[in-house]
2 protein chains.
Amino acid sequence: MTMVLRSDDMRRRNRLRIIQIVRRGGTVSRGEIAQAAALSPATVSTISAELIAEGVLVARSAETGALPGRGRPSVGLSLNPRFRHAVLLILKIGEVHVAIVDYAGSLIARQPFDLDMAGVSMEEFRRTLITEIRQTLEANGISAAQLGGISIGVQGTTDSAGLRLLRSPMTPHTNIPMADWLEEEFGAPTRLANDCDLIARALNWRDPERYCDNFAAILLAHGVGMGLFLRGRIINGTQSSGTEFGHMLHQAGGALCRCGARGCIEAAAGDYAILRHFRGDPPDLKPDRHVEPSEIVWIADAARNGDPLAIDSFAAAGRALGSGLAGLFALVDPFRVAFAGHGAAAFDLMEPALREVLRNSNAAAAQEIPIDLFVDDMPLILDGCGIGALAEIDATQADRVWETMRNG
Amino acid sequence: MTMVLRSDDMRRRNRLRIIQIVRRGGTVSRGEIAQAAALSPATVSTISAELIAEGVLVARSAETGALPGRGRPSVGLSLNPRFRHAVLLILKIGEVHVAIVDYAGSLIARQPFDLDMAGVSMEEFRRTLITEIRQTLEANGISAAQLGGISIGVQGTTDSAGLRLLRSPMTPHTNIPMADWLEEEFGAPTRLANDCDLIARALNWRDPERYCDNFAAILLAHGVGMGLFLRGRIINGTQSSGTEFGHMLHQAGGALCRCGARGCIEAAAGDYAILRHFRGDPPDLKPDRHVEPSEIVWIADAARNGDPLAIDSFAAAGRALGSGLAGLFALVDPFRVAFAGHGAAAFDLMEPALREVLRNSNAAAAQEIPIDLFVDDMPLILDGCGIGALAEIDATQADRVWETMRNG
DNA sequence: CGATTTTTTTTGAGGCTTGAATTAATAGCC
DNA sequence: GGCTATTAATTCAAGCCTCAAAAAAAATCG
């Protein structure tokens, strides 16, 4: 019979639920799963046997001893790290990181290499990516069959489906079909995501208590980006990914932004804006294409030593960020904010101005919002990228693989 | 056996799906339902028999003849209008509308009455509502058993759950537990919703093609509110309902708003703001508590006759609205906007300034957004309120009512 | 009036989940 | 060491649910 529709639907959901519980819990006994999933022990037993047979889960090999209890000891189930692997690709200005995570989420390889996307053709870019991924896979002995997916974190906007890089400060090329490239080459599902969204996802994964329903991750780097969660769901553009917080208007006719407009938040709070302000350059000076993070550190030091221009540079950045946040807080009430990226190292210099703007804003209680700092954004981006790739594989795996039912 | 968990879950979903298909389609045959729901005819037959036995659906009583085909004629199923009724309560400044809809969505009664919420105590307010609702129910012969729910549309913000009116321009009272009042009194589930959200919901219901994933409804009246859909879901505040578009900052240190802050969008685009501007009153003059819509019409006529101050009043309003929209468009890409309320009758006077602001904004293609006008907001609010109440009843009805299985 | 056509219902089978019973695996105690 | 108590996991029979196929129903057409 071909009845594979409604009934299997239930099974699919329960399989996925069990996988997710194990992913979240690390090592979980069947009984604990049953409780967490609100399923009967019988069902969990059946499904977990299936998942073990398919190689998705593994049962504890009888160590991890010293259990307190008296009766039959419970057997911990965990994700089989070797079931699948995912390739993570993090694109930054001038460099690319290739990483591999196993199915349990451990980073088993990470390889950065220089690549100036601005200076190469699309074809060259494509080939370089493929070569580097292939090399990393081979160096770690990952076969094509083991590759469950590729996840890419980028600066810039992608299409809604996460298949194309529409535009990015990293390159003058637009509408780059990166997912198609890699899916064709490696035969594994590939998705792009905005780096700020990945940071937000990583925070949500790492600390679901703190970063649950409503919060934003703001990346302070050369530009300014935001990943926004409202009511537990990530908010994206209607046509594209990412919320373009950095290009909301801060000041009409204000400083020149990388995007060509004037008065964007980024044009006051991005690295180049702080540097431009500190140098005393005119606000309509064309933004630098790249600023060494060390320069920002240097300006921050100057500010901490009392340099008035440096102090004012960061205050201006704080005001811009505050004004953008005030707008959002007016719209949807205040929420928790995490600042990430090397700019967060100078957040103490921006915070007074930012809080001042919030205090004077229309949103009640906006000045009270909790703010967290994560200076090193790379671990978060990798984390978020990995979570996304693995969740995708999990979803695939919810559909039962019939062929594994062959012999024994 | 008490096994009522997983298996029934599937049935519940399919019941709900069928009810929703009939609600959307009006009169639908079993075969059409099967196709729309991607269920087998057998399943639809079983479930619809159940629903008919429970009184949720009714089969066409064999008129509506003149079917073209040859074989057995299909039997149209439709919602049983008499299955349940819902009370709708629309609160406006100075007046309340009580309405009753039947289960099929027809408005079967509507009664406005004057009530100055600002001038009465909470207790008095409660009693008046209950009295009016009771009268309307009795006048239409609706028993308590037939009352499936109460839905309330309000200006102002409610809590996330839709149980309390947190604050509203209609009254100085705050945190009014309206849902508790009426649930206690009438024994029917009661929910509050912001009027702008209701307008957005109504548009989405009426024309799902046009108002589908991303759009906003902006209510132009004494104040300015917004109901926002992103990715097909309504966006609300993190602590409260409604997106407070009207209180986003338009101009730092600008005109005085009803909310006490300065420079809100509403303080330039609300009725009182237009009137204040036209009169030449200082922008920090305390806003009027009420402005007759006819005054706005009068000013609009003046503008159309060339009065420069009137023209400028509406231009200022258009600029404020444009600046708020530009901010949102920068954040999440441009989307379709519907303006509702009597202020929309003067939209032609605001549109040039609004489009001008968008044209100069950072959001690409923002000037191209389609804008629709709905001068009469009341039908939309009633519609949205009714849809919401009925959807709630549908969801309840998805759980099978066992007692109806008694005899025959 | 019977043949044809289209819709709906009935029937039997397969899947899924569940509570209860059963089996498995360990610690404690004499 | 052997027995009992205890807890975890599996097995089993039953109840739902959906589905495909067959049967029935209700028209039209010739």
Side-chain angles (χ1 to χ4, degrees), chain A residues 1-18 27-53 57 59-77 398-400 402 405, chain B residues 1-18 27-53 57 59-77 398-400 402 405:
Chain A
M1 206 174 277
T2 346
M3 206 250 316
V4 195
L5 192 61
R6 301 283 142 227
S7 232
D8 259 16
D9 202 36
M10 194 156 55
R11 189 46 157 277
R12 179 184 304 118
R13 273 187 359 199
N14 288 337
R15 281 169 62 99
L16 180 57
R17 184 140 50 154
I18 288 175
T27 300
V28 196
S29 75
R30 290 171 176 81
E32 292 167 326
I33 293 173
Q35 197 159 17
L39 288 170
S40 73
T43 304
V44 174
S45 188
T46 309
I47 295 180
S48 55
E50 253 180 48
L51 291 173
I52 289 171
L57 299 183
R60 192 208 305 124
S61 36
E63 21 55 67
T64 342
L67 284 140
R70 189 137 109 95
R72 174 177 176 174
S74 64
V75 178
L77 302 181
D399 291 308
R400 186 164 5 184
W402 288 100
M405 293 305 193
Chain B
M1 205 173 276
T2 345
M3 204 252 312
V4 195
L5 192 62
R6 301 284 142 228
S7 229
D8 258 17
D9 202 37
M10 193 156 55
R11 186 51 153 262
R12 179 185 305 120
R13 275 190 354 202
N14 288 338
R15 280 169 63 98
L16 181 57
R17 183 139 53 153
I18 288 176
T27 300
V28 197
S29 76
R30 290 170 175 83
E32 292 168 326
I33 294 175
Q35 197 159 16
L39 287 170
S40 73
T43 303
V44 173
S45 188
T46 309
I47 294 180
S48 55
E50 251 179 51
L51 291 173
I52 289 171
L57 299 183
R60 193 208 305 124
S61 37
E63 19 58 68
T64 341
L67 283 140
R70 190 138 106 99
R72 174 176 177 174
S74 63
V75 178
L77 302 180
D399 290 309
R400 189 170 357 191
W402 289 100
M405 293 304 192

Contacts of A:Ile47 that satisfy side chain to side chain contact (heavy atoms under 4.5 Å, CB included) - sequence neighbours left out: A:Arg11, A:Asn14, A:Arg15, A:Ile18, A:Thr43, A:Leu51
Could you pull out the protein-nucleic contacts involving nucleotides 22-24 of chain C (nitrogen or oxygen on both sides, under 3.5 Å)?
residue : atom : partner : partner atom : Å
C:dA24  : O4'  : A:Arg72 : NH1          : 3.4

Rounded interatomic separation in angstrom, taking CG from A:Asp9 and P from D:dC16: 21 Å
Touch class at under 4.0 angstrom, heavy-atom based, for A:Val75 against every strand present: sugar-phosphate
Length of the line joining B:Glu50:CD and D:dC17:P, which is rounded to integer Å: 7 Å
Per A:Arg70 side chain, nearest of listed nucleotides C:dT18, C:dA27, D:dT18: C:dA27
Main-chain N/O of B:Ala37 paired to B:Arg17 side chain as donor or acceptor, under 3.5 Å: yes
Atom-to-atom span, CG of B:Asp399 to P of D:dC17 - whole angstrom: 13 Å
With B:Thr27 via side chain to side chain contact (heavy atoms under 4.5 Å, CB included) - residues at least two apart: B:Ser78
Under 3.5 Å: donor-acceptor pair, side chain of B:Ser48, backbone of B:Val44: yes
Listed nucleotide nearest any side-chain atom of A:Ala42, set C:dC16, D:dC19, C:dA20: C:dA20
Residue-phosphate contact under 4.0 Å: A:Ser74 side-chain N/O, D:dA8 OP1/OP2: no
Interatomic distance where CZ belongs to A:Arg30 and C1' belongs to D:dT7 [whole Å]: 14 Å
Length of the line joining A:Arg12:CZ and C:dT17:C1', which is rounded to integer Å: 17 Å
Presence of B:Ser40 side-chain N/O under 4.0 Å of D:dA20 phosphate oxygens OP1/OP2: no
Closest to side chain of A:Ser45, choosing from C:dT8, D:dT10, D:dT18: D:dT10
Interatomic distance where CE belongs to B:Met10 and C1' belongs to C:dT18 [whole Å]: 14 Å
Rounded distance in Å - CD1 (B:Ile33) to P (D:dT18): 14 Å
Any B:Asn14 side-chain N or O less than 4.0 Å from OP1/OP2 of D:dT18: yes
Rounded distance (nearest 0.5 Å) linking atom CZ of B:Arg13 with atom CG of B:Leu39: 10.0 Å
Non-neighbouring partners of B:Ser29 that pass side chain to side chain contact (heavy atoms under 4.5 Å, CB included), sequence neighbours left out: B:Glu32, B:Ser74
By side chain to side chain contact (heavy atoms under 4.5 Å, CB included) - contacts of B:Ala42 (at least two apart): B:Ser40
Distance in angstrom units between A:Arg11 CZ and D:dC17 P, rounded: 18 Å
